[in-house]
Amino acid sequence: VFQDARSVPRDSAIETDVCVVGAGAAGIALVRELSGRPFRVLLLESGGLEEDPATQDLYRGTVFGRNYFQLDVCRKRRFGGSTWCWQGLCRPLDPIDFEARDWVPHSGWPFGAETLRPYYERAQEVLLLERFAYAGADWADPDPPLPFVGDTMRSGVFQVAANRLGELYREDVEKAPNVDTFLFANVVGIEAAAGRVQRLRVATLAGNSFSVLPRCVVLATGGIENARLLLVSGLGNQNDLVGRYFMEHPHVVAGAFLPSSAELSLGFYRARRRGRVEVAGYLATTDAVQRRERLLSSCSFLAPQAPLPDFEVALASVVQEMDRPQAQPAGHAVFFMNELEQAPNPASRVRLSEDKDALGVPRVQLEWRLSAVDKISARRTHEVLARALGRAGLGRLQIMLSEDDHVWPPELGGGRHHMGTTRMNADPRLGVVDPDGRVHGLDNLYVAGSSVFPTGGAANPTLTLVALALRLADHLVERLR
Amino acid sequence: VTRRGFLFLLAAPLLAGAAGCGGGRALRAALAGFFADRSSARVVGAEYLRLFPDEDDDTRLVRRLAGGKRRELEWESLAVADVAALRERVRERHHDDFAAGRTVDLRGWVLSETEVRLCALAARSA
């Protein structure tokens, strides 16, 4: 049942078994799994069914460090969350992304890819994707991936399903017999005592406020807001970790690819319809070369083509004669857009500001910081790619990254992927939440979403955060049995 | 070393002797004329020589292209006896350059040493 929180009587208290805060991809996936279970679920959503400027303004904050999107345009604060504005790019993290890699500071998940595999497969269904298959060979017909030589590069695919979960699952949630959904309900504080959350303080922009008395709470408000709520409430931060390790996927056009001939097919790397999704290929370094060269994860998409300046016209002819003597020279270059893994960095962080929003909650300050590790890896990754393309006679790469370890192209941006601010680790000194997603030191407070990612790989986070939400749902069902 | 390559190694001194000084000229000419589109090769080669002026020398370029005196002798023989095989060897070395990290940064493009030196020879023969 959907209810308008603005009509809840002032100072009332609502008891529930599970309170899920936030109806985005994680919250909706979680609630659907809890639907029909023998316990009560309360879903609190800050927004309504449509976008509302006053609600959206609750996201507003300030940004330091690297240039970044305005925080109130990165996310959608309404039922369905940011699936209202996502591109729908899905792929799982690679197995190596879960590992503690000695060349990536603070890396390592408390479990491996195999633990998440069954939840990934279930997440495929939630997001209406095709089968759980992401290797290049799985989608090679009719356009095969580029035939590299040796073990340095591989091709894979994203499955693209830009489903709006607020639209897709509204009826499921609304009709779930054990689920009550309150729209326009903003959690403004979490009160805990004796190692348990006792009460959530909820307020609306209409002026009323009330309490929720839950047995368990799941924060699913996004990679910045999860940290904000914990910081505001003074919870989970006994080791000064909440808000730190903010990670994005740096996006940068860092290479131009000159194919060795006009006939070289790049169709695998262009979006194409397959069943109920589109698939789009990407290039990435293999696990083997990441270990050998001490690289972070990355993936490269084809970006728009570019006409060739005079020097490159001449170079295209030279390359064609070297590699494809019977073919025609390429008439254009293709840019590579790179989605890069960011190494966890405690100086990259979310903090509270002295400014407050309309509900009196401190706004956030985001300080997005990249480190030398990120730049060195990006540059080296492109060198590896350039050599692999040349060795296989596929073409040449122009690297558009300087050799300065701290200087990035000014147009570098993020993917609006907010990760790491409540990182997961079995050791409370190293993580905010434990491997179940439970906040260390609090028996009944959980966090869902990409804020728990210890590392973010180079895969868009939605598929993984939905898989984690399904895993958390199983845990809660077991706990509340 | 392939069987064919092995036989060539055995035969190279004989062929080089037969070719005499003409082998060096033939090799230089074959490499300088590697590209059918010479004007494009000269554009790339001129840029390479601008950045690496110490390579503005035919003898040095040929020696470095071959990667050593022994292979240079073999290539001289091929330049006389089998230009198609020579071109194949050059292409093999070009692809090996990428695997071995023998690359050059030209305006940000990562190119093999072989291809840019071939271009440089073409530029010098203009």
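The analysis underlying the following values was restricted to heavy atoms, covering all of them including side chains, and did not include hydrogens, waters or symmetry mates. We name chains A, B, ... by the order of the sequence lines, and we start the count at 1 in each one.
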Problem set entry | Choice from B:Ala122, B:Ala41, B:Gly101 maximising heavy atom contacts with chain A below 4.5 Å |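 Option with the greatest count: B:Gly101.
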For this session: Indicate whether the side chain of A:Gln290 and that of A:Trp103 have a donor and an acceptor atom separated by less than 3.5 Å.
Result: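 No pair is found: no donor N or O on one side chain lies under 3.5 Å from an acceptor on the other.
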Relative to chain B, which segment of [X] carries a heavy atom at a distance below 4.5 Å: side chain, backbone, both, or neither?
X: A:Leu397; answer: backbone
X: A:Ala256; answer: both
X: A:Leu258; answer: both
X: A:Gln320; answer: neither

For this session: Measure distances from B:Arg107 to the heavy atoms of chain A and classify the residue's part below 4.5 Å as side chain, backbone, both or neither.
Result: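 When you check distances to chain A, atoms from both the backbone and side chain of B:Arg107 fall under 4.5 Å.
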For this session: Below 4.5 Å from any heavy atom of chain A, which atoms of B:Ala36 appear? Answer side chain, backbone, both or neither.
Result: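 Both backbone and side chain.
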Exercise. Taking the side chain from A:Asp138 and the backbone from A:Ala135, do they hold a donor-acceptor pair closer than 3.5 Å?
Worked result: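 Yes.
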Exercise. Does B:Arg117 make a cation-pi contact with B:Tyr48, if we ask for NZ or CZ under 6.0 Å from the ring centre and within 45° of the axis?
Worked result: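 The answer is no, since B:Arg117 fails at least one limit relative to B:Tyr48.
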Problem set entry | Residue among A:Tyr269, A:Phe336, A:Phe301 satisfying ring pair (Phe, Tyr, Trp, His ring centres under 6.0 Å) with A:Phe257 |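 Only one of A:Tyr269, A:Phe336, A:Phe301 forms a ring pair (Phe, Tyr, Trp, His ring centres under 6.0 Å) with A:Phe257, namely A:Phe336.
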For this session: Please name the residue in the list A:Leu295, A:Val104, A:Thr285 that meets the side-chain contact (heavy atoms from CB on, under 4.5 Å) test with A:Ser377.
Result: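 Filter result, single survivor: A:Leu295.
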For this session: Could you tell me whether A:Arg91 and A:Glu339 make a salt bridge, using a distance below 4.0 angstrom between a side-chain N and a carboxylate O?
Result: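 The answer is no: the pair does not qualify as a salt bridge.
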